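Since the structure comes first, as structure tokens, the remarks are kept for the end.
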Amino acid sequence: MMIDQQKQDLRRMMRQRRAHTVTPPHSLDLLNKRLAASLLDEPAAPAIGCVWPLPGEPDLRPLCHALFAAGRDVFLPETTPRGSALLFRRWTPTCAMLTGRFGTMHPDGVIGRPDVLLVPLLAFDRSFNRLGYGGGYYDRTLAALGCRGIGFAFAWQEVAHVPIGPYDAPLDRIVTEQEIITPRAGKGKAE
Ligand SMILES: Nc1nc2c(c(=O)[nH]1)N(C=O)[C@@H](CNc1ccc(C(=O)N[C@@H](CCC(=O)O)C(=O)O)cc1)CN2
Ligand SMILES: Nc1ncnc2c1ncn2[C@@H]1O[C@H](COP(=O)(O)OP(=O)(O)OP(=O)(O)O)[C@@H](O)[C@H]1O
């Protein structure tokens, strides 16, 4: 299908862009802080689905610790067989981490149901579309849980237009080190 080919081309382009981009530690720090501020502002989301980093992705481990310290339940995905929704297991700072599919790690913890998901991505656009690694995991998981998805990325991951297929649902918010992008505010510079 043409959309799938366009997605493959964009994945290749974003991997190249990533290889040529130096992200300063300050940007990672800002991204973690903006996400923490954005989530802790919402008392209605006690259980948060975070992400353990894969190589080259923004590292949200500082956020996991901040949310846990603030009394939230932190869940991380276990990568299930292709074609199924992700499973979320409760994480604590001292829990054991197990290695799963595609080099992902998940906690040795109880299964739970997050109220909101932080969604990793390779590319995003201003229409809240995202491109992932191509497993379709987050599309299936957001559909199965019926919860909100908050995309997180560095600003250099923005593109003019992400090709979308029938199963791609737009994110509810995108947070970068530079701004929190919401549908209502459109473009809201923080700080
Ligand atoms: N940190 C993180 N965890 C995550 C995801 C993610 O994007 N980031 N996922 C989001 O869905 C799920 C795992 N999904 C994945 C689906 C496919 C591949 C994959 O095909 N990997 C290639 C190499 C990719 C690359 O070039 O870096 C491979 O293993 O050959 C990896 C993860 C759940 N956990
Ligand atoms: N809810 C769904 N039901 C059935 N098929 C789906 C669903 N969501 C996605 N798919 C299919 O999964 C495949 C991969 O989807 P896509 O290319 O959008 O993955 P992605 O969003 O990049 O990956 P990920 O979400 O794992 O990061 C596509 O063929 C897509 O049609």
Side-chain angles (χ1 to χ4, degrees), residues 1-21 23 28 31-32 35 47-65 67 74-91 95 97-109 111-114 116-125 127-154 156-159 161-176:
M1 194 190 170
M2 203 172 85
I3 292 286
D4 288 332
Q5 187 55 51
Q6 289 171 352
K7 286 187 176 186
Q8 276 311 332
D9 292 347
L10 184 57
R11 283 186 189 102
R12 196 174 325 114
M13 184 185 111
M14 295 313 291
R15 287 202 180 95
Q16 280 169 10
R17 191 182 283 187
R18 181 163 81 186
H20 293 112
T21 304
T23 305
L28 184 60
L31 178 58
N32 273 281
L35 281 165
I48 298 166
C50 286
V51 181
W52 209 247
L54 285 172
E57 284 184 341
D59 185 347
L60 299 191
R61 283 176 290 184
L63 174 71
C64 293
H65 284 272
L67 293 173
V74 176
F75 290 90
L76 296 174
E78 173 180 343
T79 308
T80 46
R82 265 191 197 274
S84 44
L86 296 164
L87 208 56
F88 281 84
R89 292 185 181 275
R90 187 155 185 271
W91 171 88
C95 78
M97 295 295 292
L98 307 173
T99 301
R101 291 181 176 83
F102 307 120
T104 57
M105 310 273 289
H106 58 267
D108 188 7
I111 294 169
R113 191 188 169 106
V116 60
L117 292 189
L118 295 178
V119 185
L121 52 84
L122 286 171
F124 70 92
D125 66 22
S127 304
F128 298 89
N129 296 312
R130 73 174 272 274
L131 178 77
Y133 284 118
Y137 282 108
Y138 274 92
D139 297 319
R140 286 189 181 83
T141 307
L142 288 165
L145 292 179
C147 70
R148 284 171 305 140
I150 302 180
F152 64 92
F154 293 119
W156 59 261
Q157 292 176 271
E158 178 175 345
V159 298
H161 176 65
V162 173
I164 49 166
Y167 294 110
D168 291 313
L171 295 162
D172 295 277
R173 189 187 307 169
I174 297 170
V175 180
T176 76

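Ligands are counted one by one from 1 in listed order, and the atoms in each one are counted from 1 as well. Bear in mind that the values here come from a model prediction, so they are computed numbers and not experimental data. When a residue number appears, it is its place in the shown sequence, counting from 1.
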Review point. With under 30° as parallel and over 60° as perpendicular, where do the rings of Phe102 and Tyr137 fit, or are they tilted in between?
Key: perpendicular
Can you find an N/O atom of [X] closer than 3.5 Å to an N/O atom of ligand 2?
| X | answer |
| --- | --- |
| Tyr167 | no |
| Lys7 | yes |
| Leu131 | no |
| Gly135 | yes |

Study note, to complete from the structure: Checking heavy atoms under 4.0 Å, the part of Arg15 that sits near ligand 1 is side chain
Below 4.0 angstrom from a heavy atom of [X], which ligand 2 atoms are there? Numbered from 1 as shown, please.
| X | result |
| --- | --- |
| Asp168 | 18 (O) |
| Arg130 | 21 (O), 24 (P), 25 (O), 27 (O) |
| Tyr133 | 22 (O), 23 (O), 27 (O) |

Give the residue, atom name and distance (to 0.1 Å) of the protein heavy atom nearest [atom].
| atom | value |
| --- | --- |
| atom 20 (O) of ligand 1 | Arg82 NH2, 3.7 Å |
| atom 11 (C) of ligand 2 | Arg140 NH2, 3.7 Å |
| atom 25 (O) of ligand 2 | Tyr138 N, 2.9 Å |
| atom 4 (C) of ligand 1 | Thr104 CG2, 4.1 Å |
| atom 20 (P) of ligand 2 | Gly134 N, 3.6 Å |
| atom 3 (N) of ligand 1 | Val51 CG1, 3.6 Å |
| atom 6 (C) of ligand 1 | Pro120 CG, 3.4 Å |
| atom 26 (O) of ligand 2 | Tyr137 N, 2.9 Å |
| atom 15 (O) of ligand 2 | Gly136 CA, 3.5 Å |
| atom 17 (O) of ligand 2 | Arg11 NH2, 3.1 Å |
| atom 28 (C) of ligand 2 | Asp4 OD1, 4.6 Å |

How far does [atom1] of [X] sit from [atom2] of [Y], to the nearest 0.5 angstrom?
| X | Y | atom1 | atom2 | result |
| --- | --- | --- | --- | --- |
| Phe154 | Leu121 | CZ | CG | 11.0 Å |
| Leu86 | Thr141 | CG | OG1 | 3.5 Å |
| Leu28 | Asp59 | CG | CG | 6.0 Å |

Check your understanding: Do you see a donor-acceptor pair shorter than 3.5 Å between the side chains of Gln5 and Asp9?
Key -> yes
[X] vs [Y] side-chain heavy atoms within contact, under 4.5 Å:
| X | Y | answer |
| --- | --- | --- |
| Leu122 | Arg17 | no |
| Phe75 | Ile111 | no |
| Cys50 | Leu76 | yes |
| Pro120 | Phe152 | yes |
| Arg18 | Trp156 | yes |
| Ile150 | Leu171 | no |
| Ile164 | Ile3 | no |
| Leu118 | Leu63 | yes |

Considering only protein heavy atoms, determine whether one is less than 4.0 Å from [atom].
| atom | value |
| --- | --- |
| atom 28 (C) of ligand 1 | no |
| atom 8 (N) of ligand 1 | yes |
| atom 22 (C) of ligand 1 | no |

Point to revise | Atom indices of ligand 1 within 4.0 angstrom of Thr79 heavy atoms, with elements | key: 13 (C), 33 (C), 34 (N)
**Study point:** Option whose closest heavy atom lies nearest to atom 18 (C) of ligand 1, chosen from Tyr137, Phe102, Tyr138
**Key:** Phe102
Review point. Gly165: heavy atom below 4.0 Å from ligand 2, yes or no?
Key: no
Exercise for review: Return yes when Arg11 approaches ligand 1 closer than 4.0 angstrom through a heavy atom, no otherwise.
Suggested key: no
Review point. For the side chain to side chain contact (heavy atoms under 4.5 Å, CB included) test, which of Lys7, Met13, Met14 pairs with Arg11?
Key: Lys7
